[in-house]
Amino acid sequence: MNEKTLDGTSAPAGPLKVLVQYLKDLSFENPGAPQIHMIRGEAPRAQLHLDVRARTIAPMQYEVGLVLQVTAQREHETVYIVEIEYAGLFDLAGVAEERVTPTLMIEAPRILFPFAREILAKATRDGGYPPLLLNPIDFVAVFRDRVKREEESTIAAPAPGA
């Protein structure tokens, strides 16, 4: 099946197919409410922790979860904590074996991110704070960093029986 490009020419459809997307987990904690809303002062500082999880569901079908954990603090007090796992089921039947991992760890989260970002913004707004709008994420850099950390931990680990 071909898709039309911006200039009207045909381009082959990509081998990555999104079967379904869904909110897998959402938690919002507002530990200081309502008192925290009455205090004026510095804006909360948010710290983001990001993870991408992938697991096989069936041959060449994978669940990919984009996990966003945000902790916002004002001075030394936790203002709010948000945890989101937004996931999708992807079919990679047309992807070459050597491209499966990069596709799962780069392309799939790139598709999921805008939806998770919107849920995060709505959750913080509904918690009584300005919506937290995340900047775009470079999932290629995230993947490279993950591969580098895994290689370093493999090198640092002693050989079995040593």
Side-chain angles (χ1 to χ4, degrees), residues 3 5-6 11-29 42-124 127 129-162:
E3 295 179 1
T5 61
L6 292 176
L16 174 66
K17 293 183 186 122
V18 181
L19 302 176
V20 66
Q21 292 179 206
Y22 47 93
L23 179 60
K24 190 164 184 174
D25 187 26
L26 172 62
S27 172
F28 185 88
E29 296 177 38
E42 68 178 83
R45 294 176 321 278
Q47 182 176 359
L48 171 68
H49 175 73
L50 168 87
D51 193 17
V52 178
R53 300 174 183 163
R55 66 184 183 110
T56 305
I57 300 298
M60 296 309 284
Q61 289 188 351
Y62 301 87
E63 179 189 53
V64 176
L66 178 59
V67 180
L68 304 173
Q69 298 171 324
V70 177
T71 301
Q73 294 187 317
R74 183 182 294 142
E75 296 171 11
H76 299 291
E77 188 172 5
T78 298
V79 176
Y80 63 82
I81 302 168
V82 187
E83 296 178 2
I84 295 171
E85 183 172 2
Y86 191 79
L89 185 60
F90 296 87
D91 186 324
L92 275 65
V95 176
E97 186 66 34
E98 68 274 5
R99 298 293 311 148
V100 168
T101 299
T103 300
L104 292 173
M105 303 308 281
I106 298 169
E107 296 307 322
R110 195 177 281 165
I111 291 168
L112 299 172
F113 178 74
F115 301 94
R117 180 181 188 259
E118 182 176 348
I119 293 166
L120 178 64
K122 287 180 179 179
T124 54
Y129 304 96
L132 179 60
L133 301 173
L134 294 180
N135 288 323
I137 294 173
D138 180 355
F139 288 102
V140 173
V142 171
F143 177 65
R144 285 182 182 148
D145 186 51
R146 183 181 197 140
V147 169
K148 183 180 175 184
R149 282 194 322 266
E150 288 173 359
E151 288 173 352
E152 288 172 354
S153 69
T154 307
I155 292 170

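- The shortest heavy-atom contact between Phe113 and Pro136 is CE2-CA, 4.0 Å.
- Residues passing the ring pair (Phe, Tyr, Trp, His ring centres under 6.0 Å) test with Tyr22: none are found, sequence neighbours excluded.
- For the pairing with Ile111, the side chain to side chain contact (heavy atoms under 4.5 Å, CB included) check across Val64, Leu66, Leu16 returns one residue only, Leu16.
- Taking every heavy atom of both residues into account, Ile84 and Ala116 meet most closely at CD1-O, 4.1 Å.
- In this structure the side chain of Tyr62 never reaches within 4.5 angstrom of the side chain of Leu89, judged on heavy atoms.
- The shortest distance between side-chain heavy atoms of Arg146 and Asp51 falls below 4.5 Å.
- Using a 4.5 Å cut-off on side-chain heavy atoms (C-beta onward), Leu92 and Leu104 make contact.
- Heavy atoms only, all atoms of each residue included: Thr124 and Pro130 are closest at OG1-O, 3.6 Å.
- Other residues, nucleotides and ligands contribute over 12 non-hydrogen atoms within 6.0 Å of the CZ atom of Phe28.
- For the pair Glu63 and Arg53, the salt-bridge criterion is not met [side-chain N within less than 4.0 Å of a carboxylate O].
- Remark: Glu107 engages Arg110 in a salt bridge, criterion side-chain N to carboxylate O under 4.0 Å.
- With sequence neighbours excluded, no residue satisfies side chain to side chain donor-acceptor pair (under 3.5 Å) with Asp138.
- Contact record, Pro109 with Met105: CG-O, 3.2 Å, taken as the closest heavy-atom pair.
- Residues forming a ring pair (Phe, Tyr, Trp, His ring centres under 6.0 Å) with Phe143 (at least two apart in sequence, or on another chain): none.
- With contacts defined as side-chain heavy-atom distances shorter than 4.5 Å, the pair Leu134/Leu68 qualifies.
- With a 4.5 Å cut-off on side-chain heavy atoms, Ile137 and Val142 count as touching.
- With sequence neighbours excluded, the residues satisfying side chain to side chain contact (heavy atoms under 4.5 Å, CB included) with Gln73 are Arg45, Thr71, Thr78.
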Pair Val70-Gln47, side chain to side chain contact (heavy atoms under 4.5 Å, CB included): steps then yes or no: CA-CA 5 Å; Val70 177; Gln47 182 176 359; over 6 Å; no
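- Remark: Phe90 pairs with no residue by the ring pair (Phe, Tyr, Trp, His ring centres under 6.0 Å) rule, at least two apart or across chains.
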Worked check of side chain to side chain contact (heavy atoms under 4.5 Å, CB included) between Thr154 and Glu152: CA-CA 5 Å; Thr154 307; Glu152 288 172 354; over 6 Å; no
Criterion side chain to side chain contact (heavy atoms under 4.5 Å, CB included) on Leu26 and Tyr86, from CA distance to verdict: CA-CA 8 Å; Leu26 172 62; Tyr86 191 79; over 6 Å; no
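- In terms of the side chain to side chain contact (heavy atoms under 4.5 Å, CB included) criterion, residue partners of Ala93 (sequence neighbours excluded) are, by chain and number, Asp91.
- Residues Gly65 and Glu85 share a closest heavy-atom pair of CA-OE2, 3.8 Å.
- Contact of the Leu19 side chain with the Gln61 side chain is registered, since non-hydrogen atoms from C-beta on lie closer than 4.5 Å.
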Side chain to side chain contact (heavy atoms under 4.5 Å, CB included) between Tyr80 and Glu29, worked out: CA-CA 5 Å; Tyr80 63 82; Glu29 296 177 38; over 6 Å; no
